[in-house]
Structures are given as structure tokens and as C-alpha cells.
Asks: 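Take a look at the following structure, please.
Basis for what follows: all heavy atoms, side chains included, without hydrogens, waters or symmetry-related copies.
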Amino acid sequence: MELRLNVVNIYKAYNNKEILKDCSFFFDRSAVYVLMGPNGSGKSTFLRICSLLENPDKGDINYLRENKTLNHDLNLRRKITLLLPEVGVFNTTVFNNVAYGLKIRGFKREQIQKKVQEALDFVSLTHKKNQNALTLSTGETKRMGIARAIVVEPEILFLDEPTASVDQENTEIIEHILLQLKQRLNSIIIIATHDKDSAERLGDFHLLLESGKIRKL
Amino acid sequence: MNFIIESFKQAFYLILNLDKQLLDIVVLSLKVSGIAVSIATLFGLPLGVLTGLKKFRGRSLLITLYNTFMGLPPVVVGLFLYLMLSRSGPFGFLNLLYTPTAMIIAQTILAFPIIVSLTHAATVRVNPSIKLTSFTLGATSLQTSFTIIREARYGIMVGIIAALGRVMAEVGAILIVGGNIEGYTRVMTTTIAMETDKGNFELATALGIILLAISFTINLLLFLIQKKGAIKHQWS
């Protein structure tokens, strides 16, 4: 049975400014949901709360399987992944960066080798696998971040502005990767973006975050 | 001028012939400083990481203390330790005064704040996105801490090597608690001071050359580590 996410009446404020206000949405099927909204509308906050990086001031984040609500523990955290807009880069090779999630999960060396190779092939970074990841371009860093996020085969994948600050060529490559990912992963993928064209091309469902609430378009 | 040239000639003769007295002094110096820095690292590294990662009451005071103790005058450490270890002191019953152990304790006290402070600084400098990324990829708190230590590794190594450089060159504390006993507590710096006083420049110069070579090696290592750790984004 697949993992589902039900966001129930969440509130979040920073410095007395309400960002999310009675915000609810049920991500009830495997599909690509594109979350749009102007800068500062709370898209990143929404993703950080959903991915358990932050707690809401009020409301519930319910992860469900077979109608049972799961505890917010390490086991659940390892089934969801968030790609941050500023991809954190470990000062080591591209290979080791992508292998990180597998290593901390205790995968064997041969499995790691195989899975990382596949992930790097998928984002076309195989030729850079032995290079220090800090020397990659912004677009390549984003692609490495995607490889690192999908290599652990998450059941729910959050992508926060995956094409922000990236040149046109890399934007097209990343969009192509995400479209392939859509076919490959039978998961819920939630992408936050302010790029309408990109949202049009990628999304099965289009959501708008406005005045602290989400509505389906 | 002639006596300087003669001293250097004799000094190189001692070094090239691997003079036993010279070697014993160098080995004891490396042993005392190596053990002291290892002990200081064992306790200083976790403490530096802890204050770098966790926010708790009294943290700022602790950081101020580390920084203050980084500049501890060695003679003051020597004096303090002498009072503690002398026969009438609280730890006099241990009979540690004028032993290599007392010298190791003195150098550990000098190295400890340097290692804690530079480890703390290196940990704090790690990009906050590393911690978040580690969390989002499913790491436990312990795994995240190890990841941050790994990212701070070059800064931490710089701290350890800087501490080694400081204690190797130190003379005040070990002279007070070690006593400069021949074949037992006599190390490079104390021998240089004593032999210069006596006018025996050959051994003093030979040890000076070796000490300078060690110092150069330490600084070269520092430079290489800092260079390796300074990889930046080339394009973004």
C-alpha cells in the first residue's frame, strides 16, 4: 500500500507574520503535484513542514498507509526526501555525495556502487563521479542533488525550486530528468516553483499557494 | 663570526652522525608533545564539536574561556602545575614532579584550549545547508554530527597541528615541572636554553636546526591542509 500525505489545517508564522493559515491538502495518489505561488507565499515553508524539517505552529502533518497514521520517526523520515533550493554539497567526490543516503542506511558496498552508478547515469553525471562536488556548476549541483535524492527511492519526493538560479540549458536538462522521473518513480512528487511554463510541462496537478492556503487549479 | 661558523659545523656534524645524546633528546621531545597533543585531542575535539553544534546555557561563556586560555602563558601553567604537584601540594602524593608525565600534563593544558577553540570555529563555519541536507536524506542526529565533523576536518586538523607547533616550541612550563634532568626530562627547548647558558653552542645549535626543521614541516603541513580545504565553487 502506498504512502499518502494529508496536511490538515496547518498554521505557520515568522516574526508575527502568518505565512500559512489554515492550510490543508490531501496528496492522495502517486502523481506530480506542482505548487505555485509568488515569492514569499510560503511554498518553501510548506515543503519544509511536510518533509518534517520544521514543525507547524498548529495543525497536523499526517502520513498515512492503509488508513493508519504513521509516527514521525526515523523510519518515516527515510521514506521521504526534500531537495533544498540551495543544495548542500559535502566536500568530497560526486560519487560519495550521491552515496550518502545509502551509506547511512547501511547498504552494502556492491549495492551502493550499483545504485549510485544508475543514479549518476540518470542525471548524466557519470563522467564527473570522481570529481570533488564543490567544483560542479550550479546546474550540475542541482542534478547531483536530484541523483542523491532519488537514489534512496523515496515514496514521497519534495523538490523546492529545482530549476532556480540555473541557466536555460541546465533548466531543460533538469526538466527532462524530472519528466523521466515521473515515468520511473511510482511516488508522490511535489515540486515548488514560480515558473508557470515549467509547472505546465511537469505537473499532473497544479496547486496555488495564496494567502496562506492551498487551492487546486 | 668564526665561532658561529664553528658552531654550525659542529652542529651539522652531530646531526649527520646521529649523535646519541641529540637523538635521545629529540625522541623524548616528540614523545612528550605527541602524547600531550593526542590527549588534548581526545578530550578537546568532542568538546569543540559539542559547543559548535549545540546551543545551551553558558555556551558563550565557555567559548570566551577557550579563547582566553588559548593565550595562556606557559610559565603560569608551569607555576600552577608545580604548586599542584609539589610535595606539599594537593597532588604531591603522586610523585609526578620532575617526570615526563608532569611535562605531558603541562603540554596537554597548553594544547587543549587551542584544539577546543579551533575545532569549535571549524564546526561553526560548516555551511548550515549540510546539516539540513543530512537530515533530509534520513540521517540520525549522530550521523549528522559525524557528517559535520567530516566537513570541518581540515579546520580541525589545523587546530591539532597548531597545538603541536605551540607545545613543541614551549619552554617555560616544562622547565618548571620537568626540571631538565639529563636522560630523563631533558627536551629540545630546555637543552637549548641550558647549553646556551653554559656556552656550549654545538648541541644548542644542532637542536635549534632540528626544531626549526620540525616547525617548518608543521607549517608546511598547515599550509597544505588549508589549501586542500579551500576548494571553492569554480563556476557559481
Asks: Is it the side chain or the backbone of A:R148 that comes within 4.5 Å of chain B heavy atoms, both, or neither?
Replies: both
Asks: So for A:L84, is it side chain, backbone, both, or neither that comes closer than 4.5 Å to the heavy atoms of chain B?
Replies: side chain
Asks: From B:I214 CD1 over to B:M168 CE, what is the distance, rounded to the nearest 0.5 angstrom?
Replies: 4.0 Å
Asks: Which answer fits A:L74, side chain, backbone, both or neither, if we ask what part of it has an atom under 4.5 Å from a heavy atom of chain B?
Replies: side chain
Asks: Between B:L53 and B:T123, does the side-chain contact (heavy atoms from CB on, under 4.5 Å) criterion hold? Intermediate values first, please.
Replies: CA-CA 7 Å; B:L53 294 182; B:T123 312; 3.7 Å; yes
Asks: Under 4.5 Å from any heavy atom of chain B, what part of A:I80 do you find: side chain, backbone, both or neither?
Replies: backbone
Asks: Checking A:R77 against B:F135: charged group under 6.0 Å from the ring centre and within 45 degrees of the axis?
Replies: yes
Asks: Let me know if A:Y100 has heavy atoms under 4.5 Å from chain B in its side chain, its backbone, both or neither.
Replies: side chain
Asks: For A:D121 and A:T126, test the side chains for any donor-to-acceptor distance below 3.5 angstrom and give the result as yes or no.
Replies: yes
Asks: Name the one of A:F25, A:F26, A:F27, A:Y33 that satisfies ring pair (Phe, Tyr, Trp, His ring centres under 6.0 Å) with A:F205?
Replies: A:Y33
Asks: Using non-hydrogen atoms only, which part of B:E151 is less than 4.5 Å away from chain A: side chain, backbone, both, or neither?
Replies: side chain
